[in-house]
K.L.:
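Pasting in a structure now, in structure tokens, and then I'll have a few things to ask.
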Amino acid sequence: MRAPDLPVALRLLYGLLDREGLRPSEACKLTWADLDLGRGVLQLDENKTDEPRSWVMSADVTRALLAWKALRGAKAKEIPRVFPPALIGSRFNLAKRLRDGLEVAGVKRPELTEGSKGRLRLRAHDLRGTFVTLALAAGRTEAWVTDRTGHKSSAMIYRYKRASRTAAELQLGWLAPLDRAIPELAEVTRQGANGVQTGVSSAR
């Protein structure tokens with residue numbers, strides 16, 4: 001879905017969080033040098049736990065990042081950050097922009113955008129929880145999950161077990177392919193597949 005008030009960079013950032021399990025702070029600091037898009041590998045040398053970790057990303061995420069790099073054009077070489085602050089704003093404002101974006105997209109779930117006495121409003125960090133929940137529901141092992149999230153203990157993962165069982169019972173499945181979910185990136189991927197040059201540099 002196209003969302004004029006929500007830049008492509010921000011939609012891609014949110015999509016990366018719930019498909020690969022990074023912390024928002026890690027994703028915001030991500031540089032092109034951290035990505036081997038030829039092999040689809042993400043390498044995090046600097047993170048909250050000071051323990052480097054790397055993994056092979058989902059193919060759709062790799063394709064989306066390749067499309068984003070093509071859309072950025074020359075700016076991808078000039079600016080090392082995958083998600084420059086000029087495009088996504090402050091990482092401390094990600095939660096509000098996420099909730100605002102859901103409303104723009106027509107999502108009618110007040111439990112996500114309105115807090116209550118026993119429930120917080122949706123945060124950007126919760127997208128990481130979505131990743132853990134759906135991965136466990138799909139039968140991924142705890143080791144597979146923690147390789148990506150960097151969680152240090154089984155107790156942290158256990159918090160998501162109940163939600164994952166519910167997701168499995170509901171047969172929610174995995175998220176839509178990221179390179180198709182964002183129309184602007186889907187168009188770049190399609191053009192690339194047709195042999196069209198995609199060095200566009202006017203990305204929002």
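This is a predicted model, so every value here is computed, not measured.
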K.L.:
If you measure from CZ on Arg159 to OG on Ser164, what distance do you get to the nearest 0.5 Å?
P.N.:
14.5 Å
K.L.:
Under 4.5 Å between side-chain heavy atoms, chaining through other members, with only Ile, Leu, Val, Met, Phe, Trp and Tyr counted: pull out the rest of the cluster around Val56, sorted by chain and number.
P.N.:
Val41
K.L.:
Would you compute the distance between atom CZ of Arg23 and atom CG of Leu17 and round it to the nearest 0.5 angstrom?
P.N.:
12.0 Å
K.L.:
Please answer: with hydrophobic residues joined when any side-chain heavy atoms are less than 4.5 Å apart, are Leu185 and Leu30 in the same cluster?
P.N.:
yes
K.L.:
Is it the case that more than 12 heavy atoms not belonging to Arg123 sit under 6.0 Å from its CZ atom?
P.N.:
yes
K.L.:
Ignoring hydrogens and angles, tell me if any N or O in the side chain of Arg128 forms a donor-acceptor pair with the backbone of Pro24 under 3.5 Å.
P.N.:
no
K.L.:
When you look at NZ of Lys96, are more than 12 heavy atoms from neighbouring residues, nucleotides or ligands closer to it than 6.0 Å?
P.N.:
no
K.L.:
Search all heavy atoms of Pro183 against all heavy atoms of Ala181 and return the closest pair with its distance.
P.N.:
CD-O, 3.4 Å
K.L.:
Within a strict 4.5 Å, meaning less than it, do heavy atoms of the Val82 and Asp34 side chains meet?
P.N.:
no
K.L.:
Distance check, rounded to the nearest 0.5 Å: Lys108 atom NZ versus Glu103 atom CD?
P.N.:
8.0 Å
K.L.:
What closest approach, in Å, do Ala64 and Asp179 show between heavy atoms, and which atom pair accounts for it?
P.N.:
N-CB, 3.8 Å
K.L.:
Which heavy-atom pair separates Thr189 from Arg63 by the least distance, and what is that distance?
P.N.:
OG1-O, 4.2 Å
K.L.:
Side chains of Leu172 and Thr133: closer than 4.5 Å at any heavy-atom pair?
P.N.:
no
K.L.:
Side-chain contact test, heavy atoms from C-beta onward, threshold under 4.5 Å: evaluate it for Val145 versus Tyr160 and give yes or no.
P.N.:
no
K.L.:
Distance check, rounded to the nearest 0.5 Å: Arg190 atom CZ versus Arg180 atom CZ?
P.N.:
11.0 Å
K.L.:
Does the side-chain contact (heavy atoms from CB on, under 4.5 Å) test come out yes or no for Glu20 and Trp55, once each step is laid out?
P.N.:
CA-CA 9 Å; Glu20 295 295 335; Trp55 65 92; 2.8 Å; yes
K.L.:
Following the transitive rule for hydrophobic clusters with a side-chain heavy-atom cut-off under 4.5 Å over Ile, Leu, Val, Met, Phe, Trp and Tyr, establish whether Leu37 and Val8 coincide in one cluster.
P.N.:
yes
K.L.:
Identify the two heavy atoms, one from Pro7 and one from Leu87, that lie closest to each other, and give their separation to 0.1 Å.
P.N.:
CG-O, 3.7 Å
K.L.:
Within a strict 4.5 Å, meaning less than it, do heavy atoms of the Leu65 and Met57 side chains meet?
P.N.:
yes
K.L.:
Going hydrophobic residue to hydrophobic residue with side-chain gaps under 4.5 angstrom, can you get from Leu134 over to Met156?
P.N.:
no
K.L.:
So, taking the atom named CG in Leu12 and the one named CH2 in Trp68, what distance separates them when rounded to the nearest 0.5 Å?
P.N.:
7.0 Å
K.L.:
side-chain contact (heavy atoms from CB on, under 4.5 Å), that's the test. Do Leu120 and Asp126 meet it? Break it down for me.
P.N.:
CA-CA 10 Å; Leu120 295 173; Asp126 293 329; over 6 Å; no
K.L.:
Using a cut-off of 6.0 Å, state whether more than 12 heavy atoms not belonging to Glu111 lie near its atom CD.
P.N.:
yes
K.L.:
Does Asp100 pair with Arg97 as a salt bridge, N-O distance under 4.0 Å?
P.N.:
no
K.L.:
Are the side chains of Arg72 and Ile79 in touch, meaning some heavy atoms are under 4.5 Å apart?
P.N.:
yes
K.L.:
Take Arg53 and Asp147, measure what side-chain contact (heavy atoms from CB on, under 4.5 Å) needs, and give me the verdict at the end.
P.N.:
CA-CA 7 Å; Arg53 63 188 197 272; Asp147 282 347; over 6 Å; no
K.L.:
Is there a path of hydrophobic side-chain contacts, each under 4.5 Å between heavy atoms of I/L/V/M/F/W/Y residues, joining Leu22 to Leu175?
P.N.:
no
K.L.:
Side-chain contact, heavy-atom cut-off 4.5 Å: Arg140 with Arg148?
P.N.:
no
K.L.:
Please determine whether side-chain contact (heavy atoms from CB on, under 4.5 Å) holds for the pair Val132 and His151, giving the CA-CA distance in whole Å, both sets of side-chain angles, and the decisive distance to 0.1 Å.
P.N.:
CA-CA 10 Å; Val132 177; His151 282 110; 4.2 Å; yes
K.L.:
Would you mind listing every ring-ring contact (aromatic ring centres under 6.0 Å, His included) that reaches into residues 100-143, with sequence neighbours excluded?
P.N.:
Phe131-Trp144
K.L.:
Considering all heavy atoms of both residues, which atom of Leu98 and which atom of Tyr14 are nearest to each other, and what is their separation?
P.N.:
N-OH, 3.1 Å
K.L.:
Is there a path of hydrophobic side-chain contacts, each under 4.5 Å between heavy atoms of I, L, V, M, F, W or Y residues, that connects Leu136 with Leu127?
P.N.:
no
K.L.:
Could you check if a side-chain atom of Leu6 sits within less than 4.5 angstrom of a side-chain atom of Val104, using non-hydrogen atoms only?
P.N.:
no
K.L.:
Please tell me if the side chains of Asp60 and Arg19 come closer than 4.5 Å, counting only heavy atoms from C-beta onward.
P.N.:
yes
K.L.:
List in chain and number order the residues that pass side chain to side chain donor-acceptor pair (under 3.5 Å) with Glu169, two or more places apart in sequence or in another chain; answer none if no residue qualifies.
P.N.:
none
K.L.:
Quick check: closest heavy atoms across Arg81 and Cys28, and the distance to 0.1 Å?
P.N.:
NH1-O, 3.4 Å
